[in-house]
2 protein chains.
Amino acid sequence: MSKRDSPMVAHLLDALEEKGYRDTAPRRAIVQAIAQTEKHFTAEDLRAQLPEVGRATIYRSLKLLLDAGVVCRVLLEDGNLHYQLSHRGHHHHLLCVECGVSEDLTGCDIEDQLKNVAAAHQFQVSGHWLEIYGRCLNCALPAAASL
Amino acid sequence: MSKRDSPMVAHLLDALEEKGYRDTAPRRAIVQAIAQTEKHFTAEDLRAQLPEVGRATIYRSLKLLLDAGVVCRVLLEDGNLHYQLSHRGHHHHLLCVECGVSEDLTGCDIEDQLKNVAAAHQFQVSGHWLEIYGRCLNCALPAAASL
DNA sequence: GTTTATGCAAAACATTTGCATAGTC
DNA sequence: GACTATGCAAATGTTTTGCATAAAC
C-alpha cells in the first residue's frame, strides 16, 4: 500500500506491489523521478537524476516496471531505445522530435489494414510496432512562425 | 566499377562507389555476406562470418552502407536492432518471428491515417517507424498443421 | 604520390551478475 | 527470522577511436 504520494506514484507502486515486489526507498525514488517527466528517458538519465541509487538497482527496477506494464520502451527516430511511462496493453507513441515529449496513443486500428497488406506477401501477422514522430503544439508553433 | 559479381553484390558496391567510397577487399567480403542472406543480422553476426575482417571495418562499413541507403535497420520485437538489405527510401518490414526472414514492404499509405489521429493530439507528424511481426508461409504452415 | 581504408589495441559506453550487507514483511 | 533488495565492483557485450601500416586511385 502506498502512502500519500501523487496519484501516478501511487499507481506505479501499486503495480509493483501487485506483482509481489517490495516497497523500498530506492524504488520510490525511481518511481517518483519517472512520474515527474512526460518525456522518454534512459537508464542513464535516471542514474544522473538519482546519484544516491545504485546503477544495478536502476536497471533492475526498470525491468520490473516494464514487466509490470507501467513503463514501456519507445524507439527514437535515430534507433535509440528509451523508456517512458505507459498505458498497459497495446498502444503507440507520438514523439516530439524537438522537445522529447511523448504521448501514448491508445486505440490502434491499423491491425486490419496490416493484415491485408501482409496477406499479399503470404505473411500471417501476429503483431506490430509503430512509432510516430513529429512536433507537439508547443514546438510546432514557433517553427511555423519563423518561416 | 564492379567485376563479375552477383547482381546484388554489384548493386551494393555501386552504391558505395556512388558515394565516393573505395572498392576494397574487406568491403567486398562484407557486401557478399550481406547479399547472401534474406534475414536480418547484427554486426557481430557478420564478424563471426568474416573472421578475417577487422571488427572496426565491419562497423565502419555497415555505417557506410546505411548511409548509402542500401542497408537499413530493423527493430525486432524484443527491442533489438538488426540490419538488413533494403530498398532505398521509406518502407516497412515484415519480419518472421520464427525463422527471421524479413521482407521489405514498399508503398506505405498509412501516413494520412496517422496525420488524422495525431491531429486530435495537436501533433504535427513528420515521420513514423513501423515494423510488422508474424510468420512467413513456410513457418505458418507447420504451425497450423500441428494444432 | 596523395588520399582513404584497414587492423589492432585501447577506450568508451551500456548492461548484467556475484556476493556480502541491509531492509522489508 | 526468512526472504528480497541493494550497492559495489567486476564481468560482459557492443560500438567507437587513435594511430601506424597498407592499399586504392
Side-chain angles (χ1 to χ4, degrees), chain A residues 1-3 5 10 12-34 40-68 71-76 78-84, chain B residues 1-3 5 10 12-34 40-68 71-76 78-84:
Chain A
M1 218 60 48
S2 32
K3 308 259 168 52
D5 294 308
L12 295 176
L13 290 173
D14 286 350
L16 289 179
E17 184 187 79
E18 233 168 71
K19 289 267 179 175
Y21 302 124
R22 294 187 174 171
D23 179 355
T24 69
R27 286 182 186 160
R28 279 180 178 253
I30 290 169
V31 145
Q32 269 164 18
I34 293 177
H40 43 81
F41 55 88
T42 63
E44 290 303 312
D45 289 338
L46 277 184
R47 216 163 116 54
Q49 253 179 88
L50 303 169
E52 74 277 12
V53 177
R55 201 189 354 247
T57 300
I58 300 227
Y59 282 95
R60 289 189 275 234
S61 299
L62 272 176
K63 273 198 185 164
L64 299 186
L65 291 165
L66 258 188
D67 180 50
V71 153
C72 66
R73 292 187 293 183
V74 293
L75 178 70
L76 272 54
D78 63 6
N80 276 109
L81 274 177
H82 285 198
Y83 295 92
Q84 68 169 49
Chain B
M1 219 62 45
S2 31
K3 309 258 166 53
D5 294 309
L12 295 176
L13 290 173
D14 286 349
L16 288 180
E17 184 188 80
E18 234 168 70
K19 288 266 180 178
Y21 302 124
R22 294 184 175 175
D23 180 355
T24 69
R27 285 183 186 158
R28 276 179 180 256
I30 290 169
V31 146
Q32 269 165 19
I34 293 177
H40 43 81
F41 56 87
T42 62
E44 291 303 313
D45 290 339
L46 277 184
R47 217 164 116 53
Q49 252 179 88
L50 304 169
E52 74 277 11
V53 178
R55 204 192 350 252
T57 300
I58 300 228
Y59 282 95
R60 288 189 277 232
S61 299
L62 272 175
K63 273 197 184 165
L64 299 186
L65 291 165
L66 257 188
D67 180 49
V71 153
C72 65
R73 292 187 293 185
V74 293
L75 178 70
L76 272 54
D78 63 7
N80 276 109
L81 273 177
H82 286 198
Y83 295 92
Q84 67 170 47

**Student:** Which pair of non-hydrogen atoms, one from B:Leu66 and one from B:Cys72, has the smallest distance, and what is that distance?
**Tutor:**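 That would be CD2-CA, 3.7 Å.
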
**Student:** Using five base pairs at each end to define the local axes, how bent is the helix from C:dG1-D:dC25 to C:dC25-D:dG1, to the nearest 10°?
**Tutor:**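 Helix axis angle between the two ends: 40°.
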
**Student:** State, with a plain yes or no, whether a side-chain heavy atom of B:Leu62 is found less than 4.5 Å away from one of B:Ile34.
**Tutor:** yes

**Student:** Between which nucleotides of DNA chain D, read 5' to 3', does contact with chain A run, using atoms under 4.0 Å from its heavy atoms?
**Tutor:**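 On DNA chain D, the outermost contacted nucleotides are D:dC3 to D:dC8.
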
**Student:** List in numerical order all residues of residues 50-63 of chain B for which some heavy atom is under 4.0 Å away from an atom belonging to DNA chain D.
**Tutor:** B:Arg55, B:Ala56, B:Tyr59, B:Arg60, B:Lys63

**Student:** Checking side-chain contact (heavy atoms from CB on, under 4.5 Å) for the pair B:Tyr21/B:Arg27: CA distance, chi angles, key distance, verdict?
**Tutor:** CA-CA 10 Å; B:Tyr21 302 124; B:Arg27 285 183 186 158; 3.6 Å; yes

**Student:** Check side-chain contact (heavy atoms from CB on, under 4.5 Å) between A:Glu18 and all other residues, then give those that pass, not counting sequence neighbours.
**Tutor:**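 Here the qualifying residues are A:Arg88.
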
**Student:** So which heavy atom on A:Val53 is nearest to which on A:Ala29, and how close?
**Tutor:**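 So the minimum-distance heavy-atom pair works out to CG2-CB, 4.4 Å.
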
**Student:** Among residues two or more places apart or on two chains, list those pairs meeting salt bridge (Lys or Arg N to Asp or Glu O under 4.0 Å) that have a residue in residues 47-61 of chain B.
**Tutor:**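 Qualifying pairs: B:Glu44-B:Arg47.
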
**Student:** Give me the atom names and distance for the closest heavy-atom approach of A:Ala33 to A:Gln49.
**Tutor:** CB-OE1, 3.6 Å

**Student:** If you take all heavy atoms of B:Asp78 and A:Arg73, which pair is closest and at what distance?
**Tutor:**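 Closest pair (atom of B:Asp78, atom of A:Arg73, distance): O-NH2, 2.7 Å.
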
**Student:** At a cut-off of 3.5 Å, list every protein nitrogen or oxygen paired with a nitrogen or oxygen from nucleotides 21-25 of chain C, distance to 0.1 Å.
**Tutor:**
residue, atom, partner, partner atom, Å
C:dG23, N2, A:Arg22, NH1, 2.6
C:dT24, O2, A:Arg22, NH1, 2.7
C:dC25, OP1, A:Asp23, N, 3.3

**Student:** Output the distance between atom CG (A:Leu46) and atom OH (A:Tyr59), rounded to the nearest 0.5 Å.
**Tutor:**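 Rounded to the nearest 0.5 Å, the CG-OH separation comes out at 9.5 Å.
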
**Student:** Between A:Asp45 (side chain) and A:Thr42 (backbone), is there a donor-acceptor pair under 3.5 Å?
**Tutor:** yes

**Student:** If you compare all heavy atoms of B:Ala43 against all heavy atoms of B:Ile58, which two are closest, and at what distance to 0.1 Å?
**Tutor:** O-CG2, 3.8 Å

**Student:** B:Asp23 vs B:Glu17, test: side-chain contact (heavy atoms from CB on, under 4.5 Å). Steps then yes/no.
**Tutor:** CA-CA 7 Å; B:Asp23 180 355; B:Glu17 184 188 80; over 6 Å; no

